[in-house]
*Asks:* 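My structure is below; once you've seen it, I'll send some questions.
Numbers restart at 1 for each chain; the letters A, B, ... are given by sequence-line order, proteins then strands.
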Number of protein chains: 2
Amino acid sequence: MTEEGVNGLSLAEVARRLGVTPPSLYKYFPSLLSVYDALYARAARAHLDVMRAAMDESEPGLRALEAGLMASGHWCIEHRARAQLLFWRPVPSFEPSPDAFAPSVEMMELNRKGLADAVAAGELGPDGATDEAIYLVSIMIAGTLSQAMANEPDLPWGDGRFSPLFPKLMALLPAAYPPDGKPTRRSRRGQSGG
Amino acid sequence: MTEEGVNGLSLAEVARRLGVTPPSLYKYFPSLLSVYDALYARAARAHLDVMRAAMDESEPGLRALEAGLMASGHWCIEHRARAQLLFWRPVPSFEPSPDAFAPSVEMMELNRKGLADAVAAGELGPDGATDEAIYLVSIMIAGTLSQAMANEPDLPWGDGRFSPLFPKLMALLPAAYPPDGKPTRRSRRGQSGG
DNA sequence: GTCTATAGCCTGATAGAC
DNA sequence: GTCTATCAGGCTATAGAC
């Protein structure tokens, strides 16, 4: 998948690299799509574990949320092809089974919890715990990743022009959902007047 | 490309739908990759024209920039497969020729000009005209698009959970590059200062 | 659980008649 | 500028021997 595109996975090539013949694979997987499903399931699980571990190591709230998403970005860049399988839809005929998809649902819950904790800690206003805020955050990480993967496919997370900007984006969240409940844009001069 | 993925384009299928036989296509294109290149060139040109027209109709600065990027988003959602060909890299063996790529360079210049105008108009601080700001904006539009395309592939621009959030993201730019030159909120004196 | 053999499809590309 | 015929190869998947 890394070399030929996610779509380029073929059982024949898998067999070739395993040193077996294609029919042997059918003892383990009933079809090519079932191989994609197994890849999806394992990748989703690995990605979720990495993200949760990073969040658990930081204090709940924006710091944990950012740590989790940074770890997510790191994993995605390190496993580009699998990340594409998870988050883009490069194989139109493939849709993950409910079992394989389960970790993805759990991941959304992690984000939701991170935002809710941030609201509870007073880092964000009450709107910071809405679905809209989740979508906003998902746009930020997805944008950083897609730009990094498309334009700097060989650079690790943390290098290059895009991934270092992610913390800067996260730092804008309090401007979008101000803790004092003031309306969005560049809420008055405040904050700095100490 | 829409039906089978960008990678799924085949000369045989093109010929089939044109009502001719595959060898006939070789009178017009020397190879499959040259077909991709022609598709890329036309799409890049069409996308650039749409974006520039939208920017020309708005007053220079943040309004024009947002109008241009909104038009870009609209075009990308309306022409998903072509947008993927332009902005993701779904066909590893294909790289656009310099001629085909030229409009993409011009597009970056449009963004640069939009930000420079915004700084000149006092909408953003001087940092708003840096390369970093361009990358930040590109992350915003790329994130909105990739989330919309991956999760709501059948909804038009303006509908759904993601594309309506793009203006909200653009509205955060003045918080990232404050016009009065003040450092980004809560970056200097810290959150305890206020 | 591996293999050979094969069916039945697809592809990109070329040669050469008309 | 279209066609027929063809090459040379790819692929998924199955049947059945060992």
Side-chain angles (χ1 to χ4, degrees), chain A residues 1-45 79-101 150 153, chain B residues 1-45 79-101 150 153:
Chain A
M1 293 196 298
T2 299
E3 294 166 20
E4 308 288 339
V6 177
N7 242 317
L9 183 69
S10 86
L11 289 179
E13 183 64 22
V14 170
R16 219 169 285 131
R17 301 198 184 188
L18 284 174
V20 299
T21 56
S24 301
L25 299 179
Y26 285 85
K27 289 285 176 182
Y28 304 89
F29 299 96
S31 71
L32 174 61
L33 288 183
S34 76
V35 175
Y36 275 119
D37 204 59
L39 286 168
Y40 186 103
R42 293 191 195 187
R45 172 57 57 190
H79 309 286
R80 273 171 207 87
R82 272 166 280 184
Q84 290 174 21
L85 179 63
L86 286 182
F87 302 116
W88 298 358
R89 299 223 164 240
V91 188
S93 57
F94 165 66
E95 212 159 350
S97 63
D99 273 7
F101 191 69
Chain B
M1 293 195 297
T2 300
E3 294 165 20
E4 309 289 339
V6 177
N7 242 316
L9 183 69
S10 87
L11 289 178
E13 183 64 21
V14 170
R16 218 170 285 131
R17 300 200 185 185
L18 285 174
V20 299
T21 57
S24 302
L25 299 180
Y26 285 85
K27 290 285 176 182
Y28 304 89
F29 300 96
S31 71
L32 174 62
L33 289 183
S34 75
V35 174
Y36 275 120
D37 204 59
L39 286 169
Y40 187 102
R42 293 192 195 186
R45 171 58 54 191
H79 309 287
R80 273 172 206 86
R82 271 165 282 183
Q84 290 173 22
L85 179 64
L86 286 183
F87 301 117
W88 299 358
R89 298 225 166 240
V91 187
S93 58
F94 165 67
E95 212 158 350
S97 64
D99 272 7
F101 191 69

*Asks:* Answer yes or no: is there a side-chain heavy-atom contact under 4.5 Å between A:Leu11 and A:Tyr26?
*Replies:*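 Yes, at least one pair of side-chain atoms sits under 4.5 Å.
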*Asks:* From CG of B:Asn7 over to P of C:dG12, roughly how many Å is that when rounded to an integer?
*Replies:* 11 Å
*Asks:* Nearest of C:dT2, D:dT2, C:dA13 to any side-chain atom of A:Tyr28?
*Replies:*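 When the side chain of A:Tyr28 is considered, C:dT2 is the closest of C:dT2, D:dT2, C:dA13.
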*Asks:* Side chain of A:Pro23 only, heavy atoms from C-beta on: which candidate in C:dT2, C:dG12, D:dA15 is closest?
*Replies:* D:dA15
*Asks:* Report the distance from atom CG of B:Leu18 to atom C1' of D:dT2, rounded to the nearest whole Å.
*Replies:*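 Spelled out: CG on B:Leu18 to C1' on D:dT2 is 13 Å.
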*Asks:* Give a yes/no answer on whether the side chain of B:Ser31 brings an N or O atom under 4.0 Å of OP1 or OP2 in C:dG12.
*Replies:* no
*Asks:* Just to confirm, is there a sub-4.0 Å distance from OP1 or OP2 of D:dT2 to any side-chain nitrogen or oxygen of B:Thr21?
*Replies:*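 Answer is no, no contact under 4.0 Å.
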*Asks:* Kindly point out which of D:dG1, C:dT2, C:dT14 is positioned nearest to the side chain of B:Lys27?
*Replies:* D:dG1
*Asks:* In whole Å, what is the span from the CG atom of B:Leu11 to the C1' atom of C:dT14?
*Replies:* 13 Å
*Asks:* Report yes if some heavy atom in the side chain of B:Val14 is under 4.5 Å from a heavy atom in the side chain of B:Val35; otherwise report no.
*Replies:* no
*Asks:* Of the options C:dC3, C:dG12, D:dT12, whose atoms approach the side-chain atoms of A:Leu32 most closely?
*Replies:*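 Taking heavy atoms from C-beta onward, the closest nucleotide is D:dT12.
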*Asks:* Check the pair A:Met1 / A:Leu39 against side-chain contact (heavy atoms from CB on, under 4.5 Å), numbers first and verdict last.
*Replies:* CA-CA 11 Å; A:Met1 293 196 298; A:Leu39 286 168; 4.0 Å; yes
*Asks:* Starting from P on D:dC11, measure out to OH on A:Tyr26 and report it in whole angstrom.
*Replies:*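 Roughly 11 Å, once rounded to whole Å.
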*Asks:* Calculate the interatomic distance between A:Leu25 atom CG and C:dT2 atom P; express it in whole Å.
*Replies:* 9 Å
*Asks:* Expressed as a whole number of angstroms, how long is the span from B:Glu4:CD to D:dC11:C1'?
*Replies:* 15 Å
*Asks:* CG of B:Leu33 versus C1' of C:dT11: gap in Å, rounded?
*Replies:*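 B:Leu33 atom CG is separated from C:dT11 atom C1' by 13 Å.
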*Asks:* Check this one for me: any side-chain N or O of B:Ser10 less than 4.0 Å away from OP1 or OP2 of C:dT11?
*Replies:* yes
*Asks:* Would you confirm whether B:Asn7, through its side chain, and B:Pro90, through its main-chain N or O, come within 3.5 Å as a donor-acceptor pair?
*Replies:* yes
*Asks:* Check this for me: does any side-chain nitrogen of one of B:Glu3 and B:Arg80 sit under 4.0 Å from a carboxylate oxygen of the other?
*Replies:* no
*Asks:* Would one find a side-chain N or O of A:Arg16 under 4.0 angstrom from OP1 or OP2 of D:dG10?
*Replies:* no
